[in-house]
Asks: 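Below you will find the structure I want to go over with you.
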Amino acid sequence: MGTSGNGEQGEQNETGARGSVRQAPVSMDAATFRMLGHRLVEQLAEFLDSLPQRPVTKNQSPSAVREALDLNGALPEQGTAPGPLLERTAALLFEHSLFNAHPRFWGYIPAPPAPIGILGEFLAAAVNANVGAWSLSPAATEIESQTVRWIAQLIGYPVQCGGLMVSGGNMANFVCFWAARAAKADWDIRQLGIRDASARRLRVYSSAETHTWIQKAADLAGLGTSSIRWIPTGADLQMDVNALRRTMEADAAARDLPFMVIGTAGSVSTGAVDPLRTIAAVCREHGAWFHVDGAYGGFAASSPEAPADLSGLSEADSVAVDPHKWLYAPLEAGCALVRDPEALRGAFSYHPPYYHFEERATNYVDYGPQNSRGFRALKVWLALRHVGAAGYRAMISEDIRLSRALAEVVRRTPELQCKTQALSITTFRYVPADLRAGLGEPAVEDYLDALNRELLDRLQRGGEMFVSNAVVDGRYVLRACFVNFHTSVEDVEAVPAIVVRVGHAVDAQLRPPALKADAVRL
């Protein structure tokens with residue numbers, strides 16, 4: 001006889017399973033689960049089908065959202081029937097969310113979730129694997145290992161690399177940063193820390209276009225943000241490699257340790273790609289770790305539309321990419337790739353050396369900072385199998401072409417000024433026709449910054465389309481980033497009319513009298 005968790009007894013069958021089941025408050029019988037699951041899938045399918053007719057988001061205050069979702073109350077003492085709870089929660093989320101799956105969402109870089117990825121999340125949650133140790137997640141661990149190899153293959157990185165799935169770009173970059181720190185310090189930094197008497201000042205090199213993860217990484221790794229050497233960029237927003245070389249030489253002469261250089265494969269603001277092969281050569285000269293932040297643009301290396309510089313990420317010691325960007329995976333899904341798998345173990349494992357000689361299985365607890373890890377790889381693996389490399393190359397290429405199409409329609413619109421176009425990012429701003437002749441004048445430029453800042457706020461709250469912002473040449477501009485397989489050419493061609501209409505209304509309200517008078521003289 002067996003005993004259930006609540007003291008109930010039941011007969012065991014041939015496999016040892018008990019005949020009785022504990023009836024916990026959170027339990028749900030198969031018939032109820034099936035019924036609720038079917039109904040939820042119906043709701044989700046109807047919602048996804050309705051997205052093009054919905055606003056991208058609604059103009060709501062935080063307090064209005066809290067009130068609508070009844071989020072001000074205390075924890076309920078008694079539970080609620082799951083059917084009405086799920087149905088109402090789904091309806092509320094559909095009414096009070098921003099939808100990055102909307103065809104006209106081009107702000108920041110989250111992509112719409114691939115349908116098979118949505119279903120993959122459902123399946124992964126049911127299996128509930130802890131992908132920290134192979135023994136806890138045999139299938140999930142092996143799927144993650146293949147997913148890492150496939151991602152490397154897709155972008156032209158060595159498939160024998162080490163790597164793991166993480167939450168997103170920040171964490172992927174952090175993992176690579178810590179691997180570089182452990183590999184390049186010429187003392188036992190993991191045991192002795194950065195304040196040991198034998199320690200030299202570690203220096204990391206990055207352009208001003210690098211995402212703010214670098215400040216967080218330098219801080220969390222104990223180096224401090226003053227350890228970062230900010231390398232200038234040229235007019236093309238690429239790192240100035242000559243300035244990099246001079247700075248590294250000066251630091252080495254001062255007995256600092258140039259341990260890491262970060263190249264950008266698609267900057268978040270404009271999509272700029274650094275001269276990666278040239279940077280790799282400088283790193284080899286100085287024995288520095290070469291890392292590429294490809295969280296946004298790395299996957300474009302698979303596309304024939306990509307700039308030639310992207311091919312240089314194959315020379316990096318490590319690369320960060322985000323499947324929840326240009327592989328259209330549901331959040332969260334980042335990936336850290338490291339050329340030498342032992343560099344990850346060298347940064348994160350605390351097993352004795354002999355353990356690795358006997359190792360027969362991958363235990364991801366040794367490759368990154370997490371012990372308990374969710375099954376993030378399944379949704380990416382399913383999509384890679386569903387779509388194939390050719391399918392991804394086609395979708396990424398189309399996103400790039402849509403960005404170029406936006407740049408063209410902006411250039412043809414008298415009241416819009418295109419600032420940059422690279423990869424799938426186009427930046428532009430609204431310039432009233434009567435202020436065109438005053439471009440470059442400080443008063444006009446300052447007003448255009450204020451005008452476009454308010455214009456962005458109106459566009460985001462209006463719900464017709466959603467873009468973000470960038471600062472280019474010190475000036476505030478609108479930014480559209482295409483990583484959206486729902487977007488069509490018709491959506492792109494609708495942009496100028498929307499921006500000009502809203503911009504005209506903002507200008508009528510915001511223009512100072514003095515500038516109006518100046519505009520008449522112009």
Asks: Do W230 and S207 have side-chain heavy atoms sitting under 4.5 Å apart?
Replies: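 No. Closest side-chain heavy atoms not under 4.5 Å.
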
Asks: Is it the case that the ring center of F259 lies less than 6.0 angstrom away from the ring center of W289?
Replies: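 Ring centroids of W289 and F259 are no less than 6.0 Å from each other.
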
Asks: Run the side-chain contact (heavy atoms from CB on, under 4.5 Å) test on E408 and Q421 for me, step by step, so that the C-alpha distance in whole Å, both residues' side-chain angles and the decisive distance to 0.1 Å come before the verdict.
Replies: CA-CA 10 Å; E408 286 303 312; Q421 193 290 313; over 6 Å; no

Asks: Atom CG of D399 and atom CG of L423: how far apart are they, to the nearest 0.5 Å?
Replies: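 Going from CG on D399 over to CG on L423, the span is 11.0 Å.
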
Asks: Around atom CG of N72, are there more than 12 heavy atoms from other residues, nucleotides or ligands closer than 6.0 Å?
Replies: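 Yes, enclosed.
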
Asks: Are D507 and Y447 close enough, and set up right, to give a side chain to side chain donor-acceptor pair (under 3.5 Å), and what steps lead you there?
Replies: CA-CA 10 Å; D507 182 41; Y447 171 67; 2.4 Å; yes

Asks: Side chains of F105 and H486: does their closest heavy-atom pair fall under 4.5 Å?
Replies: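 Side chain of F105 against side chain of H486, heavy atoms only: no contact under 4.5 Å found.
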
Asks: Taking all atoms of both residues into account, what is the closest heavy-atom pair of L455 and G503, and its distance?
Replies: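 Nearest heavy atoms, L455 then G503: CD1-N, 3.6 Å.
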
Asks: Yes or no on ring-ring contact (aromatic ring centres under 6.0 Å, His included) for Y328 and F299, after CA distance, side-chain angles and deciding distance?
Replies: CA-CA 11 Å; Y328 317 106; F299 285 113; 9.4 Å; no

Asks: Would you check, one step at a time, whether the test side-chain contact (heavy atoms from CB on, under 4.5 Å) holds for N484 with H102?
Replies: CA-CA 8 Å; N484 191 331; H102 193 285; 5.8 Å; no

Asks: Could you grab the distance from atom CD of Q60 to atom NE2 of H96, nearest 0.5 Å is fine?
Replies: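 Those atoms lie 5.5 Å apart.
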
Asks: Counting only heavy atoms not in E67 (residues, nucleotides, ligands), do more than 12 fall under 6.0 Å from its CD?
Replies: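 Counting neighbours around CD of E67, 12 or fewer heavy atoms of other residues, nucleotides or ligands fall under 6.0 Å, so no.
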
Asks: Give the ring-plane orientation class for W150 versus W381, where under 30° counts as parallel, over 60° as perpendicular and anything between as tilted.
Replies: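 Ring orientation of W150 relative to W381: parallel.
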
Asks: Report yes if the side chains of L451 and Y476 come closer than 4.5 Å at any heavy-atom pair, otherwise no.
Replies: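 In short, these two side chains do not touch, never coming nearer than 4.5 Å.
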
Asks: Give a yes or no answer on whether the side chain of H324 reaches the backbone of A333 with a donor-acceptor pair at less than 3.5 Å.
Replies: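 Yes.
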
Asks: Please name the pair of heavy atoms, one in L154 and one in A389, separated by the smallest distance, quoted to 0.1 Å.
Replies: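 Heavy atoms only, the tightest pair is CD1-CB, 4.0 Å.
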
Asks: Output yes when a side-chain donor or acceptor of R54 lies under 3.5 Å from a complementary backbone atom of F94, and no otherwise.
Replies: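 Present.
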
Asks: Please report the C-alpha distance between N469 and R453 in whole Å, then the side-chain angles of each, then the deciding distance to 0.1 Å, and finally whether the side-chain contact (heavy atoms from CB on, under 4.5 Å) criterion is met.
Replies: CA-CA 8 Å; N469 73 284; R453 189 175 287 109; over 6 Å; no

Asks: Look only at the side chain of N100 and the backbone of P110, and say whether a donor-acceptor pair between them is shorter than 3.5 Å.
Replies: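 Flag not set: sc N100 to bb P110 has no pair under 3.5 Å.
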
Asks: So, S206 side chain and T210 main chain: donor-acceptor pair closer than 3.5 Å or not?
Replies: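 Looks like no, no N/O pair under 3.5 Å.
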
Asks: Less than 4.5 Å apart, any side-chain heavy atom of S311 and any of R277?
Replies: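 The answer is yes, as the side chains (C-beta and beyond) meet within the 4.5 Å cut-off.
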
Asks: Kindly say whether L459 contributes a backbone atom to a donor-acceptor pair with the side chain of E464 at under 3.5 angstrom?
Replies: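 No, because the side chain of E464 does not come within donor-acceptor range (under 3.5 Å) of the backbone of L459.
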
Asks: With rounding to the nearest 0.5 Å, note down the distance linking CZ in R229 to CG in D256.
Replies: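 Output value for this atom pair is 6.5 Å.
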
Asks: Can you tell me if K216 has over 12 outside heavy atoms packed within less than 6.0 Å of its NZ?
Replies: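 At most 12 heavy atoms, drawn from other residues, nucleotides or ligands, come within 6.0 Å of this atom.
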
Asks: For R475, is there an ion pair with D446 - N to carboxylate O distance below 4.0 angstrom?
Replies: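 Looking at R475 together with D446, the answer is yes, because their closest N to O distance falls below 4.0 Å.
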
Asks: Which heavy atom of V241 sits nearest a heavy atom of P275, and at what distance?
Replies: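 Taking every non-hydrogen atom into account, CG2-CG, 3.6 Å.
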
Asks: Would you confirm whether D317, through its side chain, and F290, through its main-chain N or O, come within 3.5 Å as a donor-acceptor pair?
Replies: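 Between the backbone of F290 and the side chain of D317 there is a qualifying donor-acceptor contact (under 3.5 Å).
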
Asks: Checking R88 against D70 for the salt bridge (Lys or Arg N to Asp or Glu O under 4.0 Å) test, could you report, in this order, the C-alpha distance in whole Å, the side-chain angles of both residues, the deciding distance, and whether it holds?
Replies: CA-CA 12 Å; R88 175 161 173 74; D70 191 22; over 6 Å; no

Asks: May I ask you to check whether F485 and Y392 place their ring centers less than 6.0 Å from one another?
Replies: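 No, they do not, as the ring centres are separated by 6.0 Å or more.
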
Asks: Would you confirm whether T233, through its side chain, and M239, through its main-chain N or O, come within 3.5 Å as a donor-acceptor pair?
Replies: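 Judged by distance alone, no pair lies under 3.5 Å.
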
Asks: First locate atom CG of L92, then atom CG of L69, and finally report the distance between them rounded to the nearest 0.5 Å.
Replies: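 Interatomic distance, L92 CG to L69 CG, rounded to 0.5 Å: 5.0 Å.
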
Asks: Can a side-chain donor-acceptor contact be found between W106 and D491 if the only test is distance below 3.5 angstrom?
Replies: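 Distance-only check fails for D491 and W106.
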
Asks: Please check if the side chain of N452 supplies one atom and the backbone of L448 the other of a donor-acceptor pair under 3.5 Å.
Replies: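 Checked: pair present.
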
Asks: Under a 3.5 Å cutoff, is there a donor and acceptor pairing between the side chains of Q238 and D309?
Replies: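 The answer is yes; a qualifying pair exists.
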
Asks: Does a side chain donor of either S403 or T426 reach within less than 3.5 Å of an acceptor in the other side chain?
Replies: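 Per modelled atom types, S403 and T426 side chains form a pair under 3.5 Å.
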
Asks: Once rounded to the nearest 0.5 Å, what's the spacing between atom CD of E305 and atom CZ of R401?
Replies: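 Between E305 CD and R401 CZ, I get 5.0 Å after rounding to 0.5 Å.
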
Asks: Closer than 3.5 angstrom, by distance alone: can the side chain of S50 be matched with the main-chain N or O of F47 as a donor-acceptor pair?
Replies: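 Checking the backbone N and O of F47 against the side chain of S50, a donor-acceptor pair under 3.5 Å is found.
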
Asks: For G168 versus D322, what's the shortest heavy-atom pair and its separation?
Replies: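 Minimum heavy-atom contact is C-OD1, 3.1 Å.
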
Asks: Hey, does the side chain of R461 reach the backbone of T57 with a donor-acceptor pair shorter than 3.5 angstrom?
Replies: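 Between the backbone of T57 and the side chain of R461 there is no qualifying donor-acceptor contact (under 3.5 Å).
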
Asks: Can you tell me how far the OG atom of S227 sits from the CG atom of L202, to the nearest 0.5 Å?
Replies: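 So the gap between those two atoms works out to 7.5 Å.
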
Asks: Do you see a donor-acceptor pair shorter than 3.5 Å between the side chains of Q509 and R458?
Replies: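 Yes.
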
Asks: Can you tell if the side chain of R376 reaches within under 4.5 Å of the side chain of L164, non-hydrogen atoms only?
Replies: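 R376 does not reach L164 side chain to side chain.
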
Asks: Checking side-chain contact (heavy atoms from CB on, under 4.5 Å) for the pair E493/L406: CA distance, chi angles, key distance, verdict?
Replies: CA-CA 7 Å; E493 291 175 343; L406 177 60; over 6 Å; no

Asks: Could you tell me if R201 and S226 have a donor-acceptor pair between their side chains, going purely by distance under 3.5 Å?
Replies: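 Side chains of S226 and R201: pair found under 3.5 Å.
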
Asks: Check whether any side-chain heavy atom of V321 lies under 4.5 Å from a side-chain heavy atom of Y157, and answer yes or no.
Replies: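 The answer is no, as the side chains (C-beta and beyond) never meet within the 4.5 Å cut-off.
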
Asks: Closest heavy-atom contact between V261 and I279?
Replies: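 Looking at all heavy atoms of both residues, the closest pair is CG1-CG2, 3.6 Å.
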
Asks: Going by atom types only, do T270 and T420 share a side-chain donor-acceptor pair under 3.5 Å?
Replies: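 Checked: T270/T420 side chains show no N/O donor-acceptor pair below 3.5 Å.
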
Asks: Show your reasoning for whether side chain to side chain donor-acceptor pair (under 3.5 Å) applies to S269 and S267.
Replies: CA-CA 6 Å; S269 293; S267 66; 5.7 Å; no

Asks: Side chains of S468 and R479: any donor to acceptor distance under 3.5 Å?
Replies: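 Indeed, the side chains of R479 and S468 share at least one donor-acceptor pair under 3.5 Å.
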
Asks: Could you give me the CA-CA distance, side-chain angles and deciding distance for W213 and D293, then say whether side chain to side chain donor-acceptor pair (under 3.5 Å) is met?
Replies: CA-CA 10 Å; W213 71 263; D293 177 4; 2.9 Å; yes

Asks: Quick check: closest heavy atoms across P432 and E415, and the distance to 0.1 Å?
Replies: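 Distance-wise, the nearest heavy atoms are CA-OE2, 4.2 Å.
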
Asks: Does any non-hydrogen side-chain atom of Y108 lie less than 4.5 Å from one of C481?
Replies: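 Heavy-atom side-chain distance check fails, nothing below 4.5 Å.
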
Asks: When you look at K379 and E332, which way does the salt bridge (Lys or Arg N to Asp or Glu O under 4.0 Å) test go after all the steps?
Replies: CA-CA 10 Å; K379 57 198 173 188; E332 302 168 342; over 6 Å; no

Asks: Taking the side chain as every heavy atom from C-beta outward, state whether F482 and E398 have any pair of such atoms under 4.5 Å apart.
Replies: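 Of all side-chain heavy-atom pairs linking E398 with F482, none is under 4.5 Å.
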
Asks: Taking the six-membered ring for Trp, are W178 and H291 closer than 6.0 Å centroid to centroid?
Replies: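 When the ring centroids of W178 and H291 are compared, they turn out to be at least 6.0 Å apart.
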
